[in-house]
Amino acid sequence: MRSSISQLFSAATDHDARGHNAHQLQSAATATPTQCTNGYAGTGGMRDALEGPGSTQNDIIHLKRRVGLFSGVALIVGTMIGSGIFVSPSGLLVRTGSIGVSFIIWMACGLLSLLGALAYAELGTMNTSSGAEWAYFMDAFGAWPAFLFSWVSTLVLKPSQMAIICLSFAQYAVEAFVSECDPPLSVVKMVAILAIVSILFVNCYSVNLGMAVQNVFTSAKLIAVLIVICGGAYKLCQGNTQHLQNAFSGATPSLGAIATAFYTGLWAYDGWNNLNYVTEEIQNPSKNLPRSIIIGIPLVTLCYALINVSYLAAMSPTEMIESEAVAVTFGNRILGVMAWLMPLSVTISTFGSANGTLFAAGRREGHLLDILSYVHVRRLTPAPGLIFHSLIAGAMVLYGTIDSLIDFFSFTAWIFYGGAMVALIVMRYTKPNYPRPYKVPLIIPILVMVISGYLVAAPIIEKPQIEYLYAVLFILAGLIFYVPFVHYGYHPKFMDNVTLFFQMLFEVVPTTSMAMFD
């Protein structure tokens with residue numbers, strides 16, 4: 001079998017006649033870091049060709065710093081505005097019971113995201129590697145908290161994101177063909193599974209195809225947002241402000257209900273920390289990282305406020321709550337015969353968001369199993385990681401709902417967001433002389449840490465749900481695997497055969513060898 005694996009490597013080399021990328025991949029994976037200066041004779045030559053100004057020294061491959069201020073703002077806005085604004089408004093109204101409280105929570109979610117992102121900016125400029133939370137936990141606490149984050153991110157956070165977005169896609173896709181009654185749940189789940197399979201095929205087939213889908217479908221997101229805002233402005237100009245009156249007429253929500261309302265709102269803001277994953281590629285990160293955050297997140301908050309006002313200019317709060325696809329109802333009220341544009345734009349937008357989620361989820365793996373970071377010898381796509389995440393996301397689609405998965409995701413995510421704040425505070429004392437090009441006021445991480453604790457504890461105290469137990473069990477289960485396999489370095493003999501089997505099955509090879517938890 002090992003000879004067959006060798007043939008796979010040979011196949012990657014043979015593919016060089018059809019594309020130079022395979023040669024670069026194999027060179028990065030197998031060559032030793034010798035210093036060469038003549039062309040591509042060794043990794044030194046390849047390093048010189050790939051390295052740009054400001055790249056980190058002594059890496060196998062360097063990342064060029066080409067993300068400026070405008071690109072940073074665009075990345076924040078583009079990744080934050082996704083399926084959430086088309087899903088969360090109804091759920092947030094249900095949980096708050098009044099328009100006024102829901103608006104306050106929308107704005108508070110934006111403020112919390114801004115404060116959290118500013119704290120992350122200090123962490124990102126302290127450690128400019130693109131590992132984000134994993135790198136911060138390694139610096140502050142050591143290997144096992146970093147492993148737990150990788151464990152939870154792989155098994156919970158990334159798949160649940162994929163499942164929520166695909167369910168949102170399916171809800172809007174099916175709603176467009178059902179006008180008089182709610183769409184059958186089984187049909188919605190079937191469409192969501194088909195979406196996962198389609199996106200998996202696109203990303204396994206070609207990296208370029210996956211990126212093309214992402215670029216084309218991102219524009220639909222902006223079209224949908226513009227339709228809602230412009231339509232709402234038109235309705236307001238006609239004097240349709242009756243639904244905005246008596247904003248605080250509903251019952252006062254409990255502390256637990258406010259926390260779960262934050263879960264719903266924060267799902268729409270998720271992505272506020274994405275810039276930290278590309279810190280290595282930001283030009284002058286000490287200035288452009290916080291500036292991008294200070295510009296980008298308030299823009300998203302303003303956009304969400306306008307969208308919510310637009311919804312209420314066209315329909316009542318009761319209609320918003322009863323609608324399974326609020327943007328479709330909005331389109332039916334505003335666009336008339338062109339109402340089909342709304343579900344079309346939203347479905348394309350959510351499909352693009354799901355594609356981007358899986359595209360990113362397949363990268364930066366290998367913290368748990370090496371096979372998850374392997375790439376196809378000809379297509380150069382991380383097929384095992386993509387398939388792994390898609391299988392878990394498919395299971396979540398079958399056994400979960402949008403609201404339950406949002407609670408599941410938000411509860412788990414804010415445990416680790418709060419942990420990142422603790423890491424920042426701890427390193428202020430354990431590494432007081434560490435270079436900090438950007439330093440946030442200490443009150444900000446303390447405030448975000450306290451709010452994170454509230455968001456995690458309040459729903460459990462008021463209304464325990466099985467999703468919270470699952471999340472805690474997933475986290476604790478990571479320790480069961482960490483102690484024998486990472487801390488003590490136990491390596492079952494059968495795992496070599498398992499890895500070889502999947503290498504043969506998927507025709508994949510490793511990109512590079514890294515000791516993640518020395």
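Residues Phe388 and Thr154 form a side-chain contact, since some pair of their non-hydrogen atoms from C-beta on lies under 4.5 Å apart. Side-chain contact between Val228 and Ile85: absent, with no pair of heavy atoms (C-beta onward) separated by less than 4.5 Å.
Summarising the geometry of Ala224 relative to Phe86, their closest heavy-atom pair is CB-CZ, 3.7 Å, with the distance given to 0.1 Å. The shortest non-hydrogen separation linking Ile196 to Cys166 is CG1-SG, 3.5 Å. For the residue pair Ala420 and Leu123, the shortest heavy atom distance occurs at O-CD1, 3.7 Å. Contact record, Ala339 with Pro343: O-CD, 3.0 Å, taken as the closest heavy-atom pair. Of all non-hydrogen atoms in Leu335 and Ile227, the two that sit nearest each other are CD1-CG2, 4.0 Å. Closest heavy-atom contact between Cys303 and Val225: SG-CG1, 3.5 Å.
The backbone N or O of Leu344 lies less than 3.5 Å from a partner atom in the side chain of Thr347, making a donor-acceptor pair. No donor-acceptor pair closer than 3.5 Å links the side chain of Thr350 to the backbone N or O of Ile165. Side-chain N or O atoms of Ser153 include none that pairs as donor or acceptor with a backbone N or O of Ser150 at under 3.5 Å. For Lys235 (side chain) and Arg333 (main-chain N/O), no donor-acceptor pair under 3.5 Å exists by modelled atom type. Checked by atom type and distance alone, the side chain of Tyr172 pairs as donor or acceptor with a backbone atom of Ala327 at under 3.5 Å. At least one donor-acceptor pair under 3.5 Å links the side chain of Tyr263 to the backbone N or O of Leu455.
Taking the six-membered ring for Trp and thresholds of 30 and 60 degrees, Tyr304 and Trp106 have ring planes more than 60 degrees apart, a perpendicular arrangement. Between Phe330 and Tyr311, the two ring planes are perpendicular [angle over 60°; tilted spans 30° to 60°].
Shown here is Lys287, whose NZ atom has no more than 12 heavy atoms of other residues, nucleotides or ligands within 6.0 Å.
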Could you walk me through whether Val326 and Met315 pass the side-chain contact (heavy atoms from CB on, under 4.5 Å) check? CA-CA 9 Å; Val326 64; Met315 64 190 88; 3.8 Å; yes
Please lay out, stage by stage, how Ser310 and Asn308 fare under the test side chain to side chain donor-acceptor pair (under 3.5 Å). CA-CA 5 Å; Ser310 297; Asn308 276 278; over 6 Å; no
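To the nearest 0.5 Å, atom CZ of residue Phe409 and atom CE of residue Met162 are 14.0 Å apart. Once rounded to the nearest 0.5 Å, the distance linking CG of Leu405 with CH2 of Trp267 reads 9.0 Å. With rounding to the nearest 0.5 Å, the separation of CD1 in Ile402 from OG in Ser168 is 4.0 Å. The CD1 atom of Ile415 sits 11.0 Å away from the CG atom of Leu148 when rounded to the nearest 0.5 Å. Atom CZ of Phe141 and atom CE of Met427 lie 7.5 Å apart (nearest 0.5 Å). The CG atom of Leu118 sits 9.0 Å away from the CG atom of Leu289 when rounded to the nearest 0.5 Å.
For Trp414 and Tyr417, the ring centers are positioned less than 6.0 Å apart.
Classification of Arg95 and Asp407 as a salt-bridged pair holds, one side-chain N sitting under 4.0 Å from a carboxylate O.
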